[in-house]
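Every chain is numbered from 1, with letters handed out A, B, ... down the list of sequences. Just so we're clear, the structure is a prediction, and the values are computed from it rather than from any experiment.
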Amino acid sequence: MADSMEDHLPGSSVPARVMPEVIAPGHTFQSVTDKISGIVLTKRTPIGWVLGFAVAFVFLMLMNATIGYLLVTGIGIFGNNVPVGWAFPIINFVWWIGIGHAGTLISAILLLFRQPWRTSINRFAEAMTLFAVACAAMFPLLHTGRPWLAAYWLFPYPNSMGLWPQFRSPLIWDVFAVSTYFTVSLLFWDTGLVPDLATLRDRAQSRFAKVTYGVLSLGWRGSARHWQRYETAYLLLAGISTPLVLSVHSIVSFDFAVSVIPGWHSTIFPPYFVAGAIYSGFAMVMTLAIPLRKFYGLEDFVTMRHIHNMTKIMLVTGMIVAYGYANEAFFAWYSGNPYEGYMMYNRMTGPYAVYYWSLISINAVMIQLFWFRRVRDNIALLFVLSLLVNVGMWLERFIIIITSLSRDFLPSSWDMFHPTSWDFALFAGTIGLFLSLFFLFVRLLPAIAMFEMRTIVPEAKLQAEHH
Amino acid sequence: MDRTYAAPADIDARRSRAFTAGAVGLVACAIGFATDRDHFFRAWLIAYLLFLGIALGSMALVMIQHLSGGAWGVFRRIFEASSRTLPLMAVLFLPVLLGMGTLYSWTHADHVQADEVLRHKATYLNLGFFLARTFVYFAGWILIAWTLTRWSRRQDEGDASVNRKLQYLSGGGIVFYAFSATFAAIDWIMSINPHWFSTLFGFIFIGGQGISALAFTIVVSASLARRAPMDTLLKPSHFHDLGKLSLAFVMLWAYFNFSQYMLVYAANLVEEIPYFVARTSHGWQYIALFLVIFQFAVPFLLLLSRDLKRTPHRLVVVALWLLVVRFIDLFMLVAPEFQSTGANLHLLDGEAEGGVYVHWLDLAAPLAIGGLWLWMFFTQLAQRPLLAFADPYLRDALESTGGH
């Protein structure tokens, strides 16, 4: 044994761990920039893009029609009614906000943890965050039925009626949490885009593209001073974004947990909601990344390493969510509170039991597949599983909101919730908005950060060693 | 250069000093046991939870390290040695079992019969099931810690086939740890007040173990870094990593505790609020504030400093302080549920009638358990090379320069 130790200078003869690369071999500064900017600067729009955008656009129009009808008619078009006063609008709000969290985690926390694999997925994950938050933010406004009055319901501005929002309500904290989140995410995304917009400006052929990208790139020349300021700003924004990953969904969870309703008032809600948010967000990143890399041939940049790592993050956060389910079920019994006990019994055996068991099968049982490397290697299967996770997380919010409201303390006021087709139309419409924005983003802006990718090609390492 | 990475020679002196301290503490505890049995059990449980937290938290961190990699793998042997104290911790749990009648009111059949909620909970809170669960926790923990460290030794001997197995065991082990630690927290702490419950309690317990394990590892590493063989291997960047992890756990601790407090405070329900009424009145509110400031605000602000995290002799001061406040925090979790004096320590309905009361046994018990625990820890640390030199992540770890 002593001999073998003589051979082992620390880290010299022991092979380093073999992992798939974060970028396929053979790429240079030139090839990375050509490939990514080519997607945007090409004059020919791929037919697949046109078809995809058309479908998304149809749903976007459905959203507009629904909103129009809603504003003319009122929120009676939705299925919400006593006792289920909160239904699809808040389910969809929480679902969309949760999805945004993966973008922030990738861009901020993985940057602070120096994880180089974030580089090729951060840009479109951040775009996804913005679009998801935009979809989410519509629901609290629209579910009031009269969004033009929302200004004094939501924002504390001194008005002649002497009306103030209820500051002790988490719903008001939500307004600040979500608007802060949107602002910081937008700044972060835009700051990261500036050097790439300058690249597009320099490479664009048409006058219009040159001027547009030129204006957006804010006079970036790539001088050493620019880069130094840029790095500082980016790191600061990452620092500011990091607490937002935890705070936004914690405050969303307070919307429920502060209310004294069986199934809602649970102290584990903040971390459990945050984990669920990251889990669903990574599922959405996968849902978008898998077709994107296939369609544009970006397999060299979004490699199996990315797919593996994202699956592992989904496994970890999904297990925390599953822990939350087990925990809720145990404490519903352990509390000795008959209402809590009945809430859990009703979830498991009541009229919505099929949705409860569906979400358990997806979020607690199915995700165990992610333990297996063979599953993590199977792109087609992962695409299906990531879609299912999106469904599972939507069902989770459905179960939390609907089962608790439809049967609370007084059996005489129990009633079922039945969604209307307008409920589904608005939800499908926001998916249309999300996808339309995403299609436009992929066509008009570099979906992968070119300048950051250039730092991980082998050339960059060589240069760094020579300097 | 010596490549056996053997522990410095003075580790034997430390072992015997630790043992002497433990023996003195044990004698004091024996006197306490004979004269003031009720306070002995309370003090023993609190001190026990601190050192159990270091051992279990270290075991969890070893598993996370196997799964995630990262430059902090250079500290793996210290985490491993801490986790190998678990058999001793199983033995030291015996006084808690002896004291169950004092510590846990639900062990009294007449009391349970008179209380509807306790009758409901008796399926879970009963002596047989409690003992069975305790056995499962310790059996599982010891099995995991022993297997991980046995494979770690085989890795030293050049057997690369264990690398994959270490990852598999860590994956399953972390799941077992999360659930077992949660239920241990319910059994050993939450059920002191059998009416009270909080779904976040398991995470609070686990997060606290993370702080304890990291703080202890910083203290030991800072001392090892001053002499061969670790003096040439441990770099500021490695301490930087431990400092960052400590900062993250300090923030998590605050996040969990704030969430729990805010939600219970806002709802103000009869079955939940007594826990915080007891902890925010009769003098306990000063300890609560003290913890907010000194387990969160001050360590948080200090650990933000990059220079401090990269300077071992300054980081170690924060780490030692964190261990002290962890003890006070555990005191805060356990002690307010008991009256300050008298034979019947119970406040069965969570009403706070007594004030803050620190008994001399509250200092003797940590001396006894801490001394014996450190003796076991140094014994384990001396048996292995101080560096897990065959770790597949090690090359990256030793090259790490750290950032931000």
inquiry  = Take a 6.0 Å sphere around OH of A:Y339 and say whether it holds more than 12 heavy atoms from other residues, nucleotides or ligands.
reply    = no
task = Calculate, to the nearest 0.5 Å, the distance between atoms CG and CZ belonging to A:N327 and B:F203 respectively.
result = 7.5 Å
query = Do any of residues 328-335 of chain A have a heavy atom less than 4.5 Å from a heavy atom of chain B, and if so, which, in residue order?
reply = A:F330, A:F331, A:W333, A:Y334, A:S335
inquiry  = Which atoms of B:L125 are under 4.5 Å from chain A, going by heavy atoms: the side chain, the backbone, both sets, or neither?
reply    = side chain
request  = Kindly check if the number of other-residue, nucleotide or ligand heavy atoms within 6.0 Å of CD (A:Q166) is above 12?
outcome  = yes
key: Under 4.5 Å from a heavy atom of chain A, the part of B:S68 involved   = neither
query = Which answer fits A:I320, side chain, backbone, both or neither, if we ask what part of it has an atom under 4.5 Å from a heavy atom of chain B?
reply = side chain
ask   = Is it true that the side chains of A:T267 and B:Y261 contain a donor and an acceptor less than 3.5 Å apart?
value = no
note = Whatever's closer than 4.5 Å to a heavy atom in chain B on A:V258 counts as both
inquiry  = Report which part of B:E272 has an atom under 4.5 Å of a heavy atom belonging to chain A: side chain, backbone, both, or neither.
reply    = side chain
query = Should the heavy atoms of other residues, nucleotides or ligands under 6.0 Å from CZ of A:R229 be counted, would the total exceed 12?
reply = no
note = Looking only at A:S266, A:A257, A:P271, the option with the highest number of non-hydrogen pairs under 4.5 Å against chain B is A:P271
inquiry  = What part of B:Q260 gets within 4.5 angstrom of chain A, counting heavy atoms only: side chain, backbone, both, or neither?
reply    = both
task = Supply the atom-to-atom distance A:T242 OG1 to B:M251 CE, rounded to the nearest 0.5 angstrom.
result = 8.0 Å
request  = Taking the side chain as every heavy atom from C-beta outward, state whether B:V175 and A:W371 have any pair of such atoms under 4.5 Å apart.
outcome  = yes
Side chain to side chain donor-acceptor pair (under 3.5 Å) evaluation trace for A:Y323 with B:T182 = CA-CA 10 Å; A:Y323 170 98; B:T182 300; 2.5 Å; yes
I'd like a table of donor-acceptor pairs (distance under 3.5 Å, sequence neighbours excluded) in which one partner is a side-chain atom from residues 262-270 of chain B, with atom names and distances.
none

ask   = Do A:S250 and B:Y255 meet the criterion of a side-chain donor-acceptor pair at a distance under 3.5 Å?
value = yes
request  = Check whether more than 12 heavy atoms from other residues, nucleotides or ligands sit under 6.0 Å from atom OH of A:Y345, and answer yes or no.
outcome  = no
